[in-house]
Amino acid sequence: MTESLETRASLLIRIRDPKDDASWREFVRLYAPLVYGFARRRGLQDADAADLVQDVLQQAATAVGRLEYDRERGTFRSWLFRVVRNRLNNWLRAQRPTDRGTGDSDMQVMLEHEAAPAGDEDQWDQEYERRVFAFAAEQTRPEFEPTSWQAFWRTAVEGKTPVETADALGITVGAVYIAKSRVIARIRQKVQDLEDQ
């Protein structure tokens with residue numbers, strides 16, 4: 001999988017074709033873990049979170065043909081966040097004992113505050129950035145020798161020192177720095193490819 005990544009805007013265009021399995025796999029690999037992780041952090045059990053993912057992906061598949069990409073109106077990620085938040089809130093409401101509605105504005109204010117706890121969208125964005133990194137790293141890894149990848153991974157992700165890494169891999173400290181720098185540069189390029197809209 002060393003093909004260059006296309007921008008997310010082009011991915012949204014490509015997934016309009018229901019026969020484009022490769023684009024749908026890429027879409028699902030990027031967004032399904034994001035939705036799943038968000039649902040789990042909000043308290044859903046594994047199976048319920050998986051059901052929510054399917055529900056959200058179904059809605060995205062249904063809506064993608066109608067979506068017109070317009071950066072001025074916001075990002076696809078923000079639209080997807082609203083879909084996830086609304087589906088999650090619907091699910092949470094369905095799990096509660098039924099209360100009789102009062103019909104007054106206090107109830108509406110309560111529901112609006114409940115809809116998006118502070119920081120949810122920030123968490124969504126942070127998780128998205130982690131998913132983009134993981135996706136870019138997954139795409140990048142086959143481009144490097146295993147030793148170069150391990151030099152990067154041990155120092156940049158696991159926090160090992162270059163000396164520890166060099167000793168463990170049987171290479172020089174300089175080779176660790178070079179490998180780390182090359183892998184990071186390539187991952188940054190992959191991330192940029194994803195972020196360009």
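Values below: all heavy atoms of this structure, side chains included; hydrogens, waters and symmetry mates excluded.
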| task | Provide the closest heavy-atom pair for V173 versus P162 in the form atom of the first, atom of the second, distance. | result | CG1-CB, 3.9 Å

| How long is the span from the NZ atom in K160 to the CD atom in Q150, to the nearest 0.5 Å? | 11.0 Å

| Could you give the distance from CG (N86) to CD (Q59), rounded to the nearest 0.5 Å? | 8.0 Å

| said: On a heavy-atom basis, which atom in L34 and which in E127 lie closest, and how many Å separate them? | reply: CD1-CG, 3.3 Å

| field | Worked check of side-chain contact (heavy atoms from CB on, under 4.5 Å) between W91 and D55 | value | CA-CA 11 Å; W91 188 90; D55 190 32; over 6 Å; no

| message | For residues V35 and L88: do they belong to one hydrophobic cluster (side chain heavy atoms under 4.5 Å, members Ile, Leu, Val, Met, Phe, Trp, Tyr)? | response | yes

| field | Side-chain donor or acceptor of N89 paired with backbone N/O of R85 under 3.5 Å | value | yes

| query | Is there a chain of hydrophobic side chains (I, L, V, M, F, W, Y, each step under 4.5 Å between heavy atoms) that links W153 to V176? | reply | no

| query | Where is the tightest heavy-atom contact between F144 and R182, given as atom of each residue plus distance? | reply | CZ-O, 3.7 Å

| query | What's the spacing between Y177 OH and T165 OG1 if we round to 0.5 Å? | reply | 9.5 Å

| query | Hey, what's the ring geometry for W124 with F81, parallel, tilted or perpendicular (30° and 60° as the breaks)? | reply | tilted

| said: Check the orientation of Y128 and Y31. Use parallel for under 30°, tilted for 30 to 60°, and perpendicular for over 60°. | reply: parallel

| How many angstroms lie between CD in E138 and CG in L30, if you round to the nearest 0.5 Å? | 10.0 Å

| query | Can Q126 and R130 be said to form a side-chain contact (heavy atoms from CB on, under 4.5 Å), step by step? | reply | CA-CA 6 Å; Q126 289 171 356; R130 281 191 288 276; 4.1 Å; yes

| task | Could you tell me whether a side-chain N or O of R131 sits under 3.5 Å from a main-chain N or O of R29, the two making a donor and an acceptor? | result | yes

| A151 to L169 - nearest heavy-atom pair and separation | N-CD1, 3.5 Å

| field | Q45 atom CD, neighbour heavy-atom count above 12 within 6.0 Å | value | no

| request: Assess whether atom CZ of R41 is packed by more than 12 heavy atoms of other residues, nucleotides or ligands within 6.0 Å. | output: yes

| query | What do the steps show when you test T161 against E164 for side chain to side chain donor-acceptor pair (under 3.5 Å), and what is the final call? | reply | CA-CA 5 Å; T161 68; E164 290 174 311; 3.3 Å; yes

| Nearest atoms (heavy-atom pairs only) where K180 meets T155 | CD-OG1, 3.2 Å

| Hydrophobic cluster membership, I178 vs F152, 4.5 Å side-chain cutoff | no

| Hey, what do you get for OG (S78) to CG (D125), rounding to the nearest 0.5 Å? | 6.5 Å

| query | To the nearest 0.5 Å, how far apart are CD1 in I187 and CZ in F133? | reply | 4.5 Å

| query | If you measure only the distance, is there a donor-acceptor pair under 3.5 Å linking the side chains of N90 and R93? | reply | yes

| said: Please give me the minimum heavy-atom distance between W79 and A60, naming the atom from each residue. | reply: CH2-CA, 4.0 Å

| request: Would you sort out whether L52 and F38 count as a side-chain contact (heavy atoms from CB on, under 4.5 Å), showing the intermediate values? | output: CA-CA 10 Å; L52 182 75; F38 185 80; 5.9 Å; no

| request: Decide side-chain contact (heavy atoms from CB on, under 4.5 Å) for K190 and F135; before the verdict, give the C-alpha distance in whole Å, the side-chain angles of both, and the deciding distance to 0.1 Å. | output: CA-CA 9 Å; K190 295 275 188 183; F135 184 79; over 6 Å; no

